[in-house]
Amino acid sequence: MEQKRIKIKDLLVSKEYGSEVNVKGWVRTKRGNKQINFVALNDGSTINNIQIVVDVPNFNEDLLKKITTGAAISVQGKLIESAGSGQSVELEATTIEVLGVADPEKYPLQPKKHSLEFLREKAHLRFRTNTFSAVFRIRHAMAFAVHEFFNKKGFFYMHTPLITGSDAEGAGEMFRVSTLDAKNPPLNEDGTINYKEDFFGKETNLTVSGQLEGELGAMALGEIYTFGPTFRAENSNTTRHLAEFWMIEPEMAFYDLKDNMDLAEEFLKYMIKYALDNCMTDLEFLSKRLQEEEKGKKADERSMELIEKLRFVLDNDFVRLTYTEAIDILRNSKPNKKKKFQYLIDGWGADLQSEHERYLVEKKFEKPVILTDYPKEIKSFYMKQNDDGKTVGAMDILFPGIGEIVGGSQREEDYDKLTARMKEMGVPAEEMDWYLDTRRFGSATHSGFGLGFERMMLFVTGMGNIRDVIPFPRTPKNAEF
RNA sequence: UCCUUCUUAGCUCAGUUGGUUAGAGCAUCUGACUGUUAAUCAGAGGGUCCUAGGUUCAAGUCCUAGAGAGGGAGCCA
């Protein structure tokens, strides 16, 4: 009689030697000789494999031939203490069933190391590798940690729309949503497209941010957060941009900028701690992988060991400084004086380039930095205008190796100041009447921020390319699978 | 979008100044081996040298265009 299936993760810590169990999974490797075969089997529950010991004379030769890398098999067997070194337990097979064969001539994943670029082209199968199964188990844990953190704090998870009728969010190029015939759209008399005929009777796009809707929720429920997909049609080709990514956007009534920073720092540390507490075997694997990869580099070019890096961020306060202070530090910095920066800092007002952010985070302070109070000219219309008339209550959190991971602000709560700023920046107030109602009726101090989930994933897993921390990346010219 | 590097076997790569039949490691297959750990050893099969033009007696190698990929920059999360 077939036993109930046990997951390999549970089996590996089981001490019930002699018990009959069933495991199902995918073959990683098979090796051996005419008398004995060893099959490394993985079912995705853990990065570790169970070693199946096959006494060859007891099995049909054709059956054993079908057990190749990638095949799905079901094994009935006896759990025993391993006779070899390298694992503590193994499964002595009594019956084996091949559930699905994998032609070794055609199966793309070979029992050897593959490049991340190659696996990106095989994104539908890369879950079956150690690296990607580790990354996506951690991704699950991080998503769970997001909800756990906010739920514990009494925040409400709010679903903001993915299709938006507003094009004033001001966070970048948008993807049009339309059911009109692209070849023959209905036209107005002046030749422009008549969107009154479209599905929603107006121009609609995929959301670039749930923030504005999130503010509506916060100004009633108190503290809310969103966690959902976000779409940007920017032609960005970098290791840290996606056209479709997941963003977490908390929005809190009665929080000022400092409260906002405190929450963001606590949140980031919570996620890191969650990974350390729950994903250690996967982190250890990724750390080892990273170190192998960096073996070729010089000692001073190597990054801090992954787990050490996570603990370091967890144990240290983030540096907090204003934009103005940052400019002073940068202006007097060695690379600026020696003209090593590509963009030299000479005055106040310009946006920081990534070389400047990297200097602050990786050279000067060597820990995460929260920059606040940016010039109003380089920030969005909804940010709280400071009393100096020059800066706004913005805060960006910069992480080593990643750059900007969080962008947030205290929101402008004053109706007159907000509308004046919208006018200056050409934001159409008529379309935003619903948003302005929060300032008309019961306005109050409130703040929020956005965290790019995949950027957090980059940091926690130590992966170098954002395409490798989301199952099916969408980037310019690429929407496979 | 800009700058830059790359595209040769299933994978990772080598291929000299333009010159005979394009190589290696791994993977695959076959064989050997009674406990292997990326098993080991021996052998075999495997090529649209990214695509299209061009220069030349002769192009994987030089030139032009295109496609795709990596890295960096900008935009940002």
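Naming: A, B, ... by sequence-line order, numbering from 1 per chain.
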For the side chain of [X], starting at C-beta, report the closest nucleotide among [options].
X: A:E90; options: B:G35, B:U30, B:G74; answer: B:G35
X: A:S115; options: B:U12, B:C75, B:U30; answer: B:U12
X: A:P104; options: B:G71, B:U28, B:A77; answer: B:U28
X: A:T239; options: B:G72, B:U36, B:U30; answer: B:G72
X: A:F118; options: B:A73, B:U36, B:U12; answer: B:U12
X: A:F245; options: B:A77, B:G74, B:U30; answer: B:A77
X: A:S354; options: B:C11, B:C76, B:A73; answer: B:A73
X: A:N465; options: B:G35, B:A77, B:G71; answer: B:G71
X: A:N33; options: B:G35, B:A73, B:A77; answer: B:G35
X: A:Q35; options: B:C76, B:G10, B:U34; answer: B:U34

Subject >> Pairing of A:E266 and A:K153 as salt bridge, 4.0 angstrom limit >> reply: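 The answer is yes: the pair qualifies as a salt bridge.
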
When the [atom1] atoms of [M] and [N] are compared, how many Å lie between them, rounded to an integer?
N: B:A77; M: B:A9; atom1: P; answer: 42 Å
N: B:C13; M: B:A65; atom1: P; answer: 27 Å
N: B:G19; M: B:G60; atom1: C1'; answer: 13 Å
N: B:C29; M: B:G53; atom1: C1'; answer: 41 Å
N: B:A59; M: B:C2; atom1: P; answer: 34 Å
N: B:U28; M: B:G45; atom1: C1'; answer: 9 Å
N: B:C49; M: B:A22; atom1: P; answer: 11 Å
N: B:C57; M: B:G15; atom1: C1'; answer: 23 Å

Spacing of [X] atom [atom1] relative to [N] atom [atom2], expressed in whole Å:
X: A:L41; N: B:U36; atom1: CG; atom2: C1'; result: 16 Å
X: A:H356; N: B:A73; atom1: NE2; atom2: P; result: 12 Å
X: A:N235; N: B:C75; atom1: CG; atom2: P; result: 14 Å
X: A:L371; N: B:A77; atom1: CG; atom2: P; result: 14 Å
X: A:K477; N: B:G66; atom1: NZ; atom2: P; result: 13 Å
X: A:M457; N: B:A77; atom1: CE; atom2: P; result: 20 Å
X: A:K34; N: B:U30; atom1: NZ; atom2: P; result: 12 Å
X: A:K122; N: B:G10; atom1: NZ; atom2: P; result: 11 Å

May I ask you to say what [X] touches in the nucleic acid, namely base, sugar-phosphate or nothing, with a heavy-atom cut-off under 4.0 Å?
X: A:Q342; result: nothing
X: A:G32; result: base
X: A:I248; result: nothing
X: A:I36; result: base
X: A:H114; result: sugar-phosphate
X: A:R358; result: sugar-phosphate
X: A:S82; result: base
X: A:R240; result: base

Subject >> salt bridge (charged side-chain N to carboxylate O under 4.0 Å, His left out) contacts in which one or both residues fall within residues 53-81 of chain A, not counting sequence neighbours >> reply: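 Matches after skipping sequence neighbours: none remain.
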
Specify whether [X] and [Y] have parallel, tilted or perpendicular ring planes, treating 30° as the upper limit for parallel and 60° as the lower limit for perpendicular.
X: A:F144; Y: A:Y274; answer: tilted
X: A:F136; Y: A:F127; answer: tilted
X: A:F267; Y: A:F149; answer: tilted
X: A:F341; Y: A:Y359; answer: perpendicular
X: A:F381; Y: A:Y435; answer: perpendicular

**OP:** Identify, between A:P476 and A:A243, the residue whose nearest nucleotide on RNA chain B lies closer to the 5' end.
**Re:**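 Counting from the 5' end, the first nearest nucleotide belongs to A:P476.
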
Original post:
Should A:E293 and A:R289 be marked as a salt bridge (charged side-chain N to carboxylate O under 4.0 Å, His left out) after you check the CA-CA gap, both sets of side-chain angles, and the distance that decides it?
Top reply: CA-CA 6 Å; A:E293 203 175 61; A:R289 191 192 155 277; 3.3 Å; yes

Subject >> Residues forming a salt bridge (charged side-chain N to carboxylate O under 4.0 Å, His left out) with A:E265, sequence neighbours excluded >> reply: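 Residues passing salt bridge (charged side-chain N to carboxylate O under 4.0 Å, His left out) with A:E265: A:K269, A:R320.
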
Subject >> Partner residues of A:R126 under the salt bridge (charged side-chain N to carboxylate O under 4.0 Å, His left out) criterion, sequence neighbours left out >> reply: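 In terms of salt bridge (charged side-chain N to carboxylate O under 4.0 Å, His left out), with neighbours along the sequence ignored, A:R126 is linked to A:D468.
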
Subject >> Residue pair A:E215, A:Q211: steps toward the side-chain hydrogen bond (donor to acceptor under 3.5 Å, both in side chains) verdict >> reply: CA-CA 6 Å; A:E215 285 187 49; A:Q211 179 201 315; 2.8 Å; yes

Checking only heavy atoms, does the side chain of [X] share a donor-acceptor pair with the base of [N] at less than 3.5 Å?
X: A:S236; N: B:C75; result: yes
X: A:E117; N: B:G70; result: no
X: A:Q51; N: B:U36; result: yes

Original post:
For A:K390 and A:E377, what are the C-alpha separation, side-chain angles and deciding distance, and is it a side chain to side chain contact (heavy atoms under 4.5 Å, CB included)?
Top reply: CA-CA 8 Å; A:K390 288 158 61 184; A:E377 285 77 16; over 6 Å; no

Subject >> Nucleotide-resolved protein contact map, nucleotides 45-51 of chain B, B/S/- at heavy-atom distance under 4.0 Å >> reply: -------

**OP:** Do nucleotides 2-9 of chain B as a string where each nucleotide becomes B, S or -: B if the base has a protein heavy atom under 4.0 Å, S if just the sugar-phosphate does, - if no protein is that close.
**Re:** --------

Original post:
Ring centres of A:F227 and A:H147 under 6.0 Å apart?
Top reply: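 Ring centroids of A:F227 and A:H147 are less than 6.0 Å from each other.
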
Subject >> A:Y157-A:Y225 aromatic ring centre distance below 6.0 Å >> reply: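 Yes.
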
Subject >> Pairing string, 5' to 3', for RNA chain B - Watson-Crick or wobble contacts under 3.5 Å, brackets [ ] where pairs cross, | to another strand >> reply: (((((((..((((.....[...)))).(((((.......))))).....(((((..]....))))))))))))....

Original post:
What are the two closest non-hydrogen atoms of A:I80 and A:E92, and how far apart are they?
Top reply: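 Minimum heavy-atom separation between A:I80 and A:E92: CD1-OE2, 3.8 Å.
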
**OP:** Answer yes or no as to whether B:G35 has its base stacked against A:F38, where stacking requires a ring-centre separation under 5.5 angstrom and planes under 30 degrees apart.
**Re:**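 The ring of A:F38 is not stacked on B:G35.
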
